[in-house]
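Structure first, commentary second.
Numbers for residues simply follow the sequence, beginning at 1. Because the structure is a prediction, the values reported are computed rather than measured.
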Amino acid sequence: MPCQTHDEKAETRAAKVAEKLQKAFVKADVSAIRALAPEMEKVMGEAPFPPYYAEKCDTRLIIYSDNLPSQLVLGVLFETATEKKANPDGKKLEVVAKPASPFALISYGLAWVYADRKDYGRCVTILTDGRQRDPWNEAILSEYLFCLAQSGQNAESLAEAEKALENPFFNLTDYTRAKVLRHKGYALVELQKWDEAESAYKDSLKFDGSSQLAKNEILYIQQMRAQQSKP
């Protein structure tokens, strides 16, 4: 895999927008996030093609992600795999962890704006790109599952949720694992797979026992099951 070519000027412009976006998220300033939409559209319009999340560059193995545990695990795995194809000069590969490009955060912010506008199809399109820029980003994953389901792509949302839950390299936090399980439960409810949906919501409570949403959904499922069992 060759070294990637980075557009430093585009990344610098994107970094400035990403910094403003991060501050707005920290402050939970919804108006500021919405107001950044034109700037986010502009920088994403000049964003380079999404880079691989890992690349071998001479004797360096670079992992791009904001998920540190995944960076470490992937780095070790890639290093072990590439040792079998030793460099001609015999030098050992150096694993380098780098943050995801600012375009990853901006794709999340822009997708959030479109979800806020209830344009879920556009949200999915933007996050499909964002996931290529940082496939281990938990916020991007959660928003992607949400927008898939809200756009009527429940089978796809279910499949992506299950892949994330089963992926040993994702290192989901308990908070995110609970959210993914709730997304899974929602998709299963929409598909009217009541038993599986109830199981997903109950599993989510193991990681976030205070979720009233999960508890309410379990009650709803039980009511729907009882209603459908009536002659």
Point-to-point distance, once rounded to the nearest 0.5 Å, from [atom1] of [X] to [atom2] of [Y]:
X    : Y    : atom1 : atom2 : answer
Q22  : Y108 : CD    : OH    : 10.0 Å
K16  : K20  : NZ    : NZ    : 9.0 Å
L105 : M40  : CG    : CE    : 9.0 Å
R122 : Y114 : CZ    : OH    : 5.0 Å
S107 : R133 : OG    : CZ    : 7.0 Å
S211 : R182 : OG    : CZ    : 4.0 Å

Given side-chain contact (heavy atoms from CB on, under 4.5 Å), test L181 with Y201 step by step and report yes or no. CA-CA 6 Å; L181 283 163; Y201 279 116; over 6 Å; no
Please report whether the ring centroid of Y186 lies less than 6.0 Å from that of F146. no
Between [X] and [Y], is there a side-chain N and carboxylate O pair less than 4.0 Å apart?
X    : Y    : value
K206 : D174 : no
R131 : E160 : yes
R225 : D195 : yes

Is there a donor-acceptor contact under 3.5 Å from the side chain of [X] to the main chain of [Y]?
X    : Y    : result
E138 : T173 : yes
S157 : L145 : yes
S151 : L148 : yes
H183 : S142 : yes

Hey, does N167 have a side-chain heavy atom less than 4.5 Å from the side chain of W136?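 When only atoms from C-beta onward are counted, N167 and W136 do touch, with a gap below 4.5 Å.
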Between [X] and [Y], which heavy-atom pair has the shortest distance, and what is it?
X    : Y    : value
D208 : S210 : OD1-OG, 2.9 Å
E143 : A111 : OE2-O, 4.5 Å
A197 : G185 : CB-O, 3.7 Å
V180 : A161 : CG1-O, 3.8 Å
I106 : L21  : CA-CD2, 4.0 Å
D134 : A100 : OD2-CB, 3.5 Å

According to a 4.5 Å side-chain heavy-atom criterion applied to Ile, Leu, Val, Met, Phe, Trp and Tyr, with indirect links allowed, do [X] and [Y] form part of one hydrophobic cluster?
X    : Y    : result
V43  : L127 : yes
V113 : M44  : yes
V124 : L110 : yes

Selection residues 195-231 - residue pairs positive for disulfide (SG to SG under 2.5 Å), sequence neighbours left out: none
Show me the side-chain donor-acceptor pairs of residues 26-35 shorter than 3.5 Å, one per line, residues at least two apart or across chains.
{"unit_1": "D29", "atom_1": "OD1", "unit_2": "S31", "atom_2": "N", "d": "3.4"}
{"unit_1": "D29", "atom_1": "OD1", "unit_2": "A32", "atom_2": "N", "d": "3.0"}
{"unit_1": "R34", "atom_1": "NE", "unit_2": "D116", "atom_2": "OD2", "d": "2.7"}
{"unit_1": "R34", "atom_1": "NH2", "unit_2": "D116", "atom_2": "OD1", "d": "3.2"}
{"unit_1": "R34", "atom_1": "NH2", "unit_2": "D116", "atom_2": "OD2", "d": "3.1"}

Going by the salt bridge (Lys or Arg N to Asp or Glu O under 4.0 Å) test, name the single residue among E19, E46, E39 that passes it with R13. E46
Report the C-alpha distance between W194 and Q228 in whole Å, list the side-chain angles of each, state the deciding distance to 0.1 Å, and finish with yes or no for side-chain hydrogen bond (donor to acceptor under 3.5 Å, both in side chains). CA-CA 11 Å; W194 308 116; Q228 292 185 354; 3.0 Å; yes
Contact list for residues 211-222, test salt bridge (Lys or Arg N to Asp or Glu O under 4.0 Å), sequence neighbours left out: none
Applying side-chain contact (heavy atoms from CB on, under 4.5 Å), run through I218 and L205 and close with a yes or a no. CA-CA 11 Å; I218 290 170; L205 289 171; 3.8 Å; yes
So does F25 have more than 12 non-hydrogen atoms from other groups sitting under 6.0 Å from CZ? yes
The test is side-chain contact (heavy atoms from CB on, under 4.5 Å); show your working for L141 and L172 and say whether it passes. CA-CA 10 Å; L141 168 65; L172 295 172; 4.1 Å; yes
Can you check side-chain contact (heavy atoms from CB on, under 4.5 Å) on F103 and D129, steps first, answer last? CA-CA 9 Å; F103 297 108; D129 173 275; 5.9 Å; no
